Protein chains: 2
Amino acid sequence: MGKPTVHDIARVAGVSLATVDRVLNARAGVREVTVRRVQEAVSRLGYVRDLSAANLARQRRYRFAFLLPDTPSQFLRVLHEAIDEAAAGLSADRLEIETTHVAIGDQVALQQAFRRIETMGFDGVAIMANETPMVRDMIARLKARGVAVVAMITDQPQSERDHFVGIDNLAAGRTAGVLMGRFAGPGPGKIVVAVNTMQARDMVDRRMGFDEVIATRFPGLTTLPTIEGWDNHQMVARVTAQCLDNHTGVVGIYCAGAGLRGITEVVRARGLADRLTIIGHDLTPHAREMLTDGVVDVIINQNAGHIARSAARVLKAQCDGVEVIASQERIRIEIVLKENLPQGAYREDKT
Amino acid sequence: MGKPTVHDIARVAGVSLATVDRVLNARAGVREVTVRRVQEAVSRLGYVRDLSAANLARQRRYRFAFLLPDTPSQFLRVLHEAIDEAAAGLSADRLEIETTHVAIGDQVALQQAFRRIETMGFDGVAIMANETPMVRDMIARLKARGVAVVAMITDQPQSERDHFVGIDNLAAGRTAGVLMGRFAGPGPGKIVVAVNTMQARDMVDRRMGFDEVIATRFPGLTTLPTIEGWDNHQMVARVTAQCLDNHTGVVGIYCAGAGLRGITEVVRARGLADRLTIIGHDLTPHAREMLTDGVVDVIINQNAGHIARSAARVLKAQCDGVEVIASQERIRIEIVLKENLPQGAYREDKT
DNA sequence: CTGAAAGCGCTTACAG
DNA sequence: CTGAAAGCGCTTACAG
């Protein structure tokens, strides 16, 4: 009556449970005829196996490592929390997630972290790191050992990673460009652009997308040379201040990387919040506050919760040898204004 | 060594498995002392029960009914597909979802559908319907029988529904207002506003939010009296055309309900796509196309996939007596431009 | 190449 | 009020 089980298959095919299991799991050592008999029963009865019962029986656990840079940015804190939250939610599915922070740019430490993952026998790894030959090699080693690998936030396009969980930064830059053009008016005017470092592909992509749109669609606006902030608020604040001193007619600031705090400080101190259009990335607590206060006009966001859960789901699917539903795993480029700011989405105090 | 199981609890508490189970599931008929002994063992060992093993043992299935209007809009087709997709993904968790379409506005048919759900013994129901006293009563009946109930897309605030899965339409209207104000320029200019019917609360909320922002922040713009389109493209097209004939200086159109197709037809026929800012709701295939072609400037979207999955998750949590993670179940007001249009997110052909 | 039996972590009649 | 035993759907040694 109910859904067919292995017992039904065994009965119909006239074999034992063990044999059914062998065929179902494509294990060797079954005669061709027997395999066929079982497969026929399977398709005749429309059998579909119960993965969670299977996982229970084999005591399957999925051990995933998440490798993050130790950037002291709020976004990384938000991401880390999102990963912990995802881990808590998925522990019922026997997923175990361990998060490791590695000093940014420290290739030796990063390589050690990879080695550790390799020896500890993790089933999957999610990596957020800049592209380097070392990272590429380590990914290749992991893949050779059958470990599932996804790149997170920053893609590793040259590597053998199974999947990329993150946004298209060129498109994100274009999106910022259109909104800047529309919000800051037709001009004439100058736009300040700040990034962490032009050595990161994400930043280069965002800047390219942004410039392309401004140049082709908003001829009244010009973008100034890139400010590099190196994840340092004070440095960003200082250079932004200089930039505002040196240029008249600035109408907007695009903060493509971390360091938004430095920019908002300068803008507030000079009382320019109403006159400038400010667009930043990533919905951190500080960004939320600035949006609410009307200092920042737009935040382009990559949803940390979605990224964490998607990475975990994709790794699990890879381990199970199952296809992911692509449309469900696509990370969107979210546009956040004060008006559509998700209420309390950053942190739910559980009290 | 590994995680503690019921066997460990039984051993430590010095009772049988059956008794452990009784205490764990808060069933009656256990002496106070025994209960305490078991509970102590539980907290001492840090036991946390394996829900999927429990569900396997009790052969638990979750049967949910989704009740949708039979509006012939593309959005409803998208939603229905999203529900089917969610159902497929969740069948591994023993969720079974049945979707029923009911003729919109037909209170008798709707009541029959409710009655059927009641007698068929569903575990949960997700409802998308206009607020009426009948709906409120039927929800109360279902709740009295212990059925989990969520309102979807359209809230039923006066009812006993457990949860609302959808967006804040007032905020959505405000979001549309800000974007219209920024995109259509400071004015002077007039804005056409179209809805399905002002009898639906969603539409009233969107219109209110929109007007509020335009009135207070963009004094150069004025909104024209509402056009009602009754989910009918031709009617929308006709009335929009009239409206454009009667008014000079129209700079934008806000389509708060279905019928975007009627508007885009008129706008294209008159070659006004470049001159007008057009903002609509819901990322249907047609909306995607218009966004890509540059006819529509902004789509405010409520993600059908998120809504379907969230509704299912919330219903399941309700059945399990488990808290949901609020931040994870909040449906966002998505802003979609041509630039951040998710690639192929609407439909993945599996070929 | 194949099968009988025990077990994964939990629940459910049935006895007592 | 409590326990021994069987079972959910699947997998895993161990025999043969």
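Bear in mind the structure is a predicted one, so any value in this text is a computation, not a measurement. Just so it is clear: chains get the letters A, B, ... in the order the sequence lines come, proteins before strands, and each one is counted from 1.
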Checklist entry - Only one of B:Leu67, B:Thr100, B:Ile127 clears side-chain contact (heavy atoms from CB on, under 4.5 Å) with B:Leu110; which? => result B:Leu67
Next on the checklist: Counting the atoms with a prime plus P, OP1 and OP2 as sugar-phosphate, which does A:Ala54 contact under 4.0 Å by heavy atoms, base, sugar-phosphate, or nothing?
Outcome noted: sugar-phosphate
Next on the checklist: Base, sugar-phosphate or nothing for A:Thr34? Non-hydrogen atoms, less than 4.0 Å.
Outcome noted: sugar-phosphate
Checklist entry - Which residue lies toward the 5' end of DNA chain D, B:Ala28 or B:Gln59, if each is placed at its nearest nucleotide? => result B:Ala28
Checklist entry - NA contact type, B:Val15, heavy-atom cut-off 4.0 Å: base, sugar-phosphate, or nothing? => result sugar-phosphate
Item to check | Under-4.0 Å salt bridge between A:Lys3 and A:Asp8 | outcome: no
Item to check | Side-chain ion pair, A:Asp320 and A:Lys316, N-O less than 4.0 Å | outcome: yes
Item to check | Start and end of chain A contact along DNA chain C [non-hydrogen atoms, under 4.0 Å] | outcome: C:dC1 to C:dG9
Item to check | Sugar-phosphate only, base, or nothing, as touched by A:Arg22 at under 4.0 Å among non-hydrogen atoms | outcome: base
Checklist entry - For A:Asp21, which contact category applies under a 4.0 Å heavy-atom criterion: base, sugar-phosphate, or nothing? => result base
Checklist entry - Should the pair B:Glu98-B:Arg63 be classified as a salt bridge under the 4.0 Å nitrogen-to-oxygen rule? => result no
Item to check | A:Glu32 with A:Arg36: basic N within carboxylate O range, under 4.0 Å | outcome: yes
Next on the checklist: Just to be sure I understand the rule, does B:Asn55 reach a base, reach only the sugar-phosphate, or reach nothing, if contact means heavy atoms closer than 4.0 Å?
Outcome noted: nothing
Item to check | NZ/NE/NH1/NH2 to OD/OE distance under 4.0 Å, A:Asp21 and A:Arg27 | outcome: yes
Checklist entry - Which is true for A:Val30 with a 4.0 Å heavy-atom rule: it touches a base, it touches only sugar-phosphate, or it touches nothing? => result sugar-phosphate
Checklist entry - If you take all heavy atoms of B:Val20 and B:Val38, which pair is closest and at what distance? => result CA-CG1, 4.4 Å
Checklist entry - Where each pair must be Watson-Crick or G-U wobble with both distances under 3.5 Å, what dot-bracket representation of DNA chain C is obtained, with crossing pairs in [ ] and other-strand partners as |? => result |||.||||||||.|||
Checklist entry - Is the closest basic N to carboxylate O distance between B:Lys143 and B:Asp162 below 4.0 Å? => result yes
Item to check | Straight-line distance of B:Asp155 CG to B:His163 NE2, nearest 0.5 Å | outcome: 9.5 Å
Checklist entry - Which part of the nucleic acid, if any, lies within reach of B:Arg27 when heavy atoms closer than 4.0 Å are counted: base, sugar-phosphate only, or nothing? => result sugar-phosphate
Checklist entry - Which residue lies toward the 5' end of DNA chain D, B:Arg58 or B:Glu32, if each is placed at its nearest nucleotide? => result B:Glu32
